[in-house]
**Q** 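Sharing a structure here in structure tokens format.
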Amino acid sequence: MPESTATAGSAARWCVLGRTGAGAWAVVDIAADGTRADPEEIAAEELAAAIARREHRASPRWVWHDTAACYGPLLATGVRVERCHDLRLCHQILRHADSVGDAADLRAARRWDAPPEAEAAAAPPALEAAPTLFDVVAEPRRRHGVPDDLEEALAEFDRQREALASAREPGRLGLLLAAESAGALVAAELSAAGVPWDVDEHDRVLTEALGPRPAADTKPARMIEVGAEVRRQLGSPDAPLDSPPRLLRVLRSAGIEVDSTSRWELAKHEHPAIAPLLQYKKLSRLLTANGWAWLDEWVRDGRYRPVYVPGGVVTGRWASSGGGALQIPRQLRPALRADPGWTLVSADVAQLEPRVLAAMAGDRAMTAAGAGRDLYTGIVESGAVATRQEAKFAMLGAMYGATTGESGRLVPRLRRTYPAAMALVDDAAEAGARGGTVSTWLGRSTHAPDPEWQRVQSSASLPEATGRDEAAARRAARDRGRFTRNFVVQGTAAEWALCWMADLRQRLAAFPPVAERDAARASGPVFERRPHLAFFLHDEVIVHSPAEHADAVAAAVRDSAAAAGRLLFGGSAVDFPLDLRVAERAEKE
DNA sequence: GGTGAAAGCGCG
DNA sequence: AAAGCGCGCTTTCACC
């Protein structure tokens with residue numbers, strides 16, 4: 001096909017975005033047959049409009065170096081895109097993927113190994129002013145992060161498409177790349193929309209637990225009281241409660257024979273100081289991690305804007321950076337509160353990881369145990385264990401590699417009843433312990449063991465190896481086995497969750513907008529009039545929705561879960577039931 | 001004065 | 001109740 005037919009006038013399948021040698025932004029349209037148009041340079045102030053125009057025409061897949069850097073500013077100006085290909089995230093997956101036949105070129109492109117751009121992650125998109133999109137064009141080029149040049153992007157995109165084509169199962173791996181990239185869009189949108197946060201409710205929770213907000217450098221009244229009680233019971237008027245090493249010495253001199261000051265250790269002992277000390281630690285944690293200082297720093301205009309880091313965990317789970325988005329204590333859930341006239345639709349998957357395991361392994365007995373009901377109850381009814389709690393401990397032990405204690409004791413029972421599922425995790429552990437790599441269902445692979453691990457293993461097999469060397473090698477092998485055992489399950493569960501969110505995101509975007517007067521103004525232009533994702537936590541989503549759409553949104557959340565199950569595990573009978581609730585506040589029962 | 005490790009605890 | 005996977009954050013403390 002002649003190149004002229006793939007110019008901006010016709011519908012592009014991919015649009016590659018990057019900077020020219022002179023530093024200006026440019027787009028290259030690529031047609032479905034691979035024909036490339038000449039780069040079209042676009043002035044920074046025109047960029048959002050140009051992207052919106054192409055988006056409207058064809059919903060191309062935007063190929064860019066880093067979604068947080070490119071999409072954040074776009075969202076702030078009100079432009080949403082349907083799909084993208086995040087070169088940085090996809091590079092990370094492809095360069096390690098076992099299923100890729102030839103990754104040599106990709107691995108040689110070391111510039112693409114960079115972590116997310118710190119600047120992009122640290123600064124949530126400014127919603128106030130109407131910013132000139134990408135006006136960073138005038139700033140000096142970033143020294144960290146992956147390259148944002150157009151030429152580099154085109155070359156890397158070629159390498160990635162070749163690598164994908166050489167994969168054993170390009171369909172699956174391609175789905176992973178699409179899901180990972182969609183996740184990056186979701187993460188940027190979550191930060192832009194923010195979590196609707198009720199500052200007064202948060203303050204109420206703090207005040208109820210700690211007493212009124214104290215002056216700076218003063219402890220809250222309740223902590224002072226409880227601390228005094230601890231010191232009285234220890235008979236030590238100035239016991240240092242905030243320094244574990246010093247507290248440990250005080251505890252021991254008071255006759256409490258603990259080896260650490262941790263909660264589990266303390267709970268084993270009987271002493272009148274223990275109860276108030278545990279209480280003190282709880283209060284201290286609440287104050288330092290999510291107290292008034294957190295509120296001041298992270299909540300503005302009724303929105304908490306966390307920074308998510310897609311692909312930030314080796315297994316493919318997201319991490320977060322700043323604000324502790326993935327560690328919001330349950331105690332503060334009531335502070336997640338819908339805007340007036342809006343509602344929160346919250347859903348979490350019941351026993352996601354065991355279900356994913358059953359599907360991967362094609363374990364019919366485990367699939368049946370979870371069919372249409374609580375999976376742990378189903379395991380009890382199969383006769384493998386006696387109580388739901390035992391079923392849960394046994395499953396967690398199987399997926400984490402427990403060998404001792406209650407959990408380790410129960411695992412063999414599961415092995416008899418669910419041999420296929422157990423064989424899958426046992427095989428993953430065995431491969432890892434031998435130094436091999438393992439992969440998720442869609443093909444994300446573990447990194448090869450690091451050189452230090454290899455060294456420990458080989459030095460144990462030398463003739464002069466000591467018993468100590470051998471023990472160290474066995475321990476390192478077992479540790480890696482537990483990691484790879486868990487990786488296949490945790491990583492595949494993360495893939496399921498990405499597919500769930502990607503599908504849900506599209507369904508939500510199709511909702512009709514509400515009237516302007518009913519908009520959720522702090523959510524930003526793209527989200528203020530439609531239901532949108534507001535929170536994500538591994539196996540849980542919260543949608544902020546106009547009240548009138550709540551039921552339809554709840555149905556969409558369920559439909560998306562079913563769609564994710566079909567997308568990953570086509571013929572499998574495994575289902576993914578949700579605990580779903582619609583309320584003004586996001587509390588759990 | 002900054003840096004980094006470790007302890008401890010929050011989340012799945 | 002136990003000690004097995006993956007994280008981030010705050011604080012303390014040893015060290016430079």
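So you know, we letter chains A, B, ... as the sequences are listed, proteins then strands, and number each from 1.
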**Q** Under 3.5 Å, is there a donor-acceptor pair between the side chain of R337(A) and the main chain of E584(A)?
**A** no
**Q** Which atom pair, heavy atoms only, marks the closest approach of S439(A) to D98(A)?
**A** OG-OD2, 3.6 Å
**Q** Which residues pass the salt bridge (charged side-chain N to carboxylate O under 4.0 Å, His left out) test with R204(A), sequence neighbours left out?
**A**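 Partners of R204(A) under the salt bridge (charged side-chain N to carboxylate O under 4.0 Å, His left out) test: E201(A), E208(A).
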**Q** Could you report the tightest heavy-atom contact between W318(A) and P310(A), atom names first, then the distance?
**A** CD1-CA, 3.4 Å
**Q** So what does G408(A) hit on the nucleic acid, given a heavy-atom distance under 4.0 Å: a base, only sugar-phosphate, or nothing?
**A**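 Touches nothing.
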**Q** Nearest whole Å is fine: how far is dA7(B) P from D242(A) CG?
**A** 18 Å
**Q** For Q389(A), report the nucleic acid contact type (base, sugar-phosphate, nothing); a contact means any heavy atom under 4.0 Å.
**A** base
**Q** Is it the case that the base of dG12(B) and the side chain of R317(A) share a donor-acceptor contact (distance under 3.5 Å, atom types as modelled)?
**A** yes
**Q** With ring-ring contact (aromatic ring centres under 6.0 Å, His included) as the rule and sequence neighbours excluded, what pairs involving residues 207-261 of chain A come up?
**A**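 Matches after skipping sequence neighbours: none remain.
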**Q** Can the positive tip of R95(A) be found less than 6.0 Å from the middle of the six-membered ring of W112(A), inside 45° of the ring normal?
**A** no
**Q** Sequence neighbours left out, cut at 3.5 Å: what donor-acceptor pairs do the side chains of residues 263-270 of chain A make with other protein atoms?
**A**
residue: E265(A); atom: OE2; partner: D259(A); partner atom: N; Å: 3.0
residue: H269(A); atom: ND1; partner: E265(A); partner atom: O; Å: 3.2
residue: H269(A); atom: NE2; partner: E257(A); partner atom: O; Å: 3.2

**Q** With side chain to side chain donor-acceptor pair (under 3.5 Å) as the rule and sequence neighbours excluded, what pairs involving residues 491-505 of chain A come up?
**A**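 Found E189(A)-R505(A), T440(A)-E495(A), D503(A)-R507(A), D503(A)-S560(A).
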**Q** For Q327(A) and dC11(B), what is the distance between atoms CD and C1' respectively, to the nearest whole Å?
**A** 6 Å
**Q** Counting the atoms with a prime plus P, OP1 and OP2 as sugar-phosphate, which does I328(A) contact under 4.0 Å by heavy atoms, base, sugar-phosphate, or nothing?
**A** sugar-phosphate
**Q** Could you tell me how far apart I542(A) (CD1) and dC11(B) (P) are, to the nearest whole angstrom?
**A**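 My rounded result for the distance is 14 Å.
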**Q** Write down the atom of T417(A), the atom of S382(A), and the distance for their closest heavy-atom approach.
**A** CG2-OG, 3.8 Å
**Q** Here's a test of your reading of the structure: between A289(A) and T403(A), which maps to the more 5' nucleotide of DNA chain C?
**A**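 That would be T403(A).
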**Q** Rounding to a whole Å, what distance do you find between L248(A):CG and dA7(B):C1'?
**A**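 After rounding, the reported distance stands at 11 Å.
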**Q** Short question: side chain of T446(A), backbone of V438(A) - any donor-acceptor pair under 3.5 Å?
**A** yes
**Q** Before accepting this row, confirm whether a basic side-chain N of the pair R355(A)/D539(A) lies closer than 4.0 Å to the acidic partner's carboxylate O.
**A**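 So R355(A) does not pair with D539(A) through a salt bridge.
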**Q** So what is the 5' to 3' dot-bracket string for DNA chain C, if pairs are Watson-Crick or G-U wobble with both distances under 3.5 Å, crossing pairs use [ ] and | means the partner sits on another strand?
**A** ....||||||||||||
**Q** Give me the residues of residues 216-241 of chain A where at least one heavy atom lies under 4.0 Å from an atom of DNA chain B, by number, or none.
**A** none
**Q** Determine the minimum heavy-atom distance between M399(A) and V489(A), stating which atoms define it.
**A**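 That would be SD-CG1, 3.7 Å.
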**Q** What is the 5' to 3' range of DNA chain C, first to last nucleotide, that sits under 4.0 Å from any heavy atom of chain A?
**A**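 In short, chain A contacts DNA chain C from dA1(C) to dC13(C).
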**Q** May I ask you to say what S407(A) touches in the nucleic acid, namely base, sugar-phosphate or nothing, with a heavy-atom cut-off under 4.0 Å?
**A**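 Since a base atom lies under 4.0 Å of S407(A), the category is base.
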**Q** Listed in order of residue number, which residues of residues 254-286 of chain A have a non-hydrogen atom at under 4.0 Å from DNA chain B?
**A**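 Contacts with DNA chain B under 4.0 Å: S260(A), T261(A), S262(A), R263(A), K281(A), R285(A).
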**Q** Looking at every non-hydrogen atom in both residues, tell me the closest pair between L442(A) and L176(A) and how far apart they are.
**A** CB-CB, 3.8 Å
**Q** Looking at DNA chain B, which of residues 484-501 of chain A put a heavy atom within less than 4.0 Å of it?
**A**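 Under 4.0 Å from DNA chain B: Q490(A).
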**Q** With E225(A), which residues qualify under side-chain hydrogen bond (donor to acceptor under 3.5 Å, both in side chains), at least two apart?
**A**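 Here the qualifying residues are R222(A).
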**Q** Grab the CG-P distance between D539(A) and dC11(B) for me, whole Å please.
**A** 13 Å
**Q** Suppose the criterion is side chain to side chain donor-acceptor pair (under 3.5 Å): which pairs have a residue in residues 388-402 of chain A, not counting sequence neighbours?
**A**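 Residue pairs passing side chain to side chain donor-acceptor pair (under 3.5 Å), neighbours aside: D374(A)-R388(A).
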**Q** Please, which pairs that meet ring-ring contact (aromatic ring centres under 6.0 Å, His included) have at least one residue in residues 185-238 of chain A, sequence neighbours excluded?
**A**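 Passing the test, one end in residues 185-238 of chain A: W197(A)-H202(A), W197(A)-W294(A), W197(A)-Y304(A), H202(A)-W294(A).
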